[in-house]
Amino acid sequence: MRVIYMGTPDFAVPPLTAMHQAGHEIVYVVTQPDAVSGRGKKVHFSPVKAKALELGIPVLQPEKIRKNQEFLETIRQAKPDVIVVAAYGKILPKTVLELPPLGCINIHGSLLPRFRGAAPIQAAIIEGDEETGITIMKMAEGLDTGDMLAKATTLTDGKTGQQLHDELASLGAELLIQTLPALPTIKGQPQDDALSTYAPMISKQDGHIDFSEDAARIERRIRAFDPWPGTFAYAKEKMLKFWKAEVLDRTAEAPAGTIVEAKNDHIDIACGKGILRVTEIQAPGKKRTAVKEYLKGNSIEIGMVLG
RNA sequence: CGCGGGGUGGAGCAGUUGGUAGCUCGUCGGGCUCAUAACCCGGAGGCCGAAGGUUCAAGUCCUUCCCCCGCAA
């Protein structure tokens with residue numbers, strides 16, 4: 001099949017690789033423009049661009065699409081059968097959605113209509129869903145509202161955001177390869193808008209722990225935000241990131257955020273409900289460390305309140 | 001040249017205004033104990049990230065490089 005692929009981050013790499021291996025003719029890869037990022041402000045390619053270059057596929061990086069006649073003309077002349085989109089990072093205008101004969105299809109990291117939006121994978125963990133998955137849909141003008149074409153599921157289990165992300169990325173690639181050939185005949189299933197939820201884009205600030213929450217939810221947040229943006233709280237002026245924790249059912253008789261115990265391999269913190277037992281921590285400028293190790297060279301003041 | 005923290009015995013950390021390194025844990029040996037992630041006694045283990053330089057003398061000052069990490073993007 002003749003396809004144009006649009007995607008940007010790591011999540012969008014496996015589908016690209018899979019289509020290439022499956023023998024689909026990928027005319028162009030469209031991805032976000034190079035941008036400065038990371039320490040030292042160096043210019044970095046998007047992961048998808050890096051892979052496309054490796055595979056020898058022409059890359060397009062339009063700043064904007066809507067009024068970009070040159071870009072629109074280029075993809076029109078490419079005459080793709082379909083445009084496949086995975087975490088591209090920009091809303092596509094109707095002119096693009098209607099351009100290919102088979103339309104545009106999108107790989108989304110949740111079981112729609114649950115968790116429409118930018119961060120479905122993390123949302124599934126935070127909300128405590130036992131099951132999540134991948135949905136491939138026909139793209140419509142609304143945000144992740146198109147008719148569903150195929151689904152694949154997996155368990156959330158005790159997975160971190162990274163683990164679930166990687167798993168769903170490859171699951172999405174598989175599902176895409178299965179779905180593409182059937183595209184001309186497959187019948188989409190409309191989403192039930194009444195059941196839809198929205199998973200907004202995550203910001204650094206979302207990692208700031210609110211200890212008045214249920215310890216169980218905080219633990220899920222810690223997992224979901226591993227490795228980014230990380231989940232943190234402040235001890236005095238110092239930021240502490242938490243990477244692993246358990247939940248104790250009993251409730252502490254102390255205000256939320258109070259450190260009630262710190263010994264051996266754990267630091268216990270009072271929450272709105274339950275106690276958060278932190279077992280892996282990271283201080284600024286330091287690496288992730290098991291609390292067991294951390295406590296050997298650092299002292300934790302019992303009764304201190306984290307904010 | 002975006003801002004900043006750090007690389008010290010196996011692990012996590014201290015090391016004052018430069019004078020050949022210390023703590024906690026672990027480890028090994030011994031002791032106590034019904035027992036212990038407990039306690040007591042004793043021991044091993046470090047070319048202090050790398051390469052230069054200053055100095056009578058550098059972990060501690062200067063230069064360059066390598067690596068790790070936080071912020072910001």
Base-pairing assignment for B:rC34 (Watson-Crick or G-U wobble, both under 3.5 Å): none
Touch class at under 4.0 angstrom, heavy-atom based, for A:Arg288 against every strand present: nothing
Pair A:Tyr234 and A:His208, ring centroids less than 6.0 Å apart: yes
Approximate separation, where rounding is to 0.5 Å, of A:His165 NE2 and A:Trp228 CH2: 12.5 Å
Gap in Å between the two C1' atoms, one belonging to B:rC71 and one to B:rG26, rounded: 34 Å
Interatomic distance at P, B:rC28 relative to B:rA37, whole Å: 14 Å
Strand partner of B:rG18, provided both Watson-Crick or wobble distances fall under 3.5 Å: none
Span of RNA chain B, from the first to the last nucleotide whose atoms fall under 4.0 Å of chain A heavy atoms: B:rG2 to B:rA73
Test side chain to side chain donor-acceptor pair (under 3.5 Å) applied to A:Glu25 - qualifying residues, sequence neighbours left out: A:Arg2
Rounded P spacing from B:rU8 to B:rC68 in Å: 14 Å
Nearest atoms (heavy-atom pairs only) where A:Arg221 meets A:Ile126: CA-CG1, 4.0 Å
Whether A:Arg116 side chain and A:Asp144 backbone form a donor-acceptor pair below 3.5 Å: yes
Side chain proximity check, A:Phe11 to A:Leu168, heavy atoms < 4.5 angstrom: yes
Comparing A:Arg39 and A:Leu295 on RNA chain B - which has the more 5′ nearest nucleotide: A:Leu295
Sugar-phosphate only, base, or nothing, as touched by A:Lys241 at under 4.0 Å among non-hydrogen atoms: sugar-phosphate
Among A:Arg288, A:Gln122, A:Lys241, A:Gln163, side-chain hydrogen bond (donor to acceptor under 3.5 Å, both in side chains) partner for A:Asp226: A:Arg288
A:Glu131 vs A:Leu111 side-chain heavy atoms within contact, under 4.5 Å: yes
Rounded distance in Å between the C1' positions of B:rC25 and B:rU16: 25 Å
Whether A:Thr31 side chain and A:Ser46 backbone form a donor-acceptor pair below 3.5 Å: no
Sugar-phosphate, base or nothing in reach of A:Lys41, heavy atoms under 4.0 Å: base
Stretch residues 296-304 of chain A: residues that reach within less than 4.0 Å of RNA chain B through a heavy atom: A:Lys296, A:Gly297, A:Asn298
Between B:rC48 and B:rU24 - P atom distance, rounded Å: 23 Å
Nearest-0.5 Å distance that lies between atom CD1 in A:Ile218 and atom OG in A:Ser212: 7.5 Å
Pairing partner (Watson-Crick or G-U wobble, both distances under 3.5 angstrom) of B:rG45: none
Pairwise C1' distance for B:rG7 and B:rA51, with rounding to whole Å: 16 Å
Opposite nucleotide pairing with B:rA57, Watson-Crick or G-U, both atom distances under 3.5 Å: none
Nearest-angstrom distance, C1' atom, B:rG52 to B:rA14: 28 Å
Whole-Å C1' distance, B:rG31 and B:rC69: 44 Å
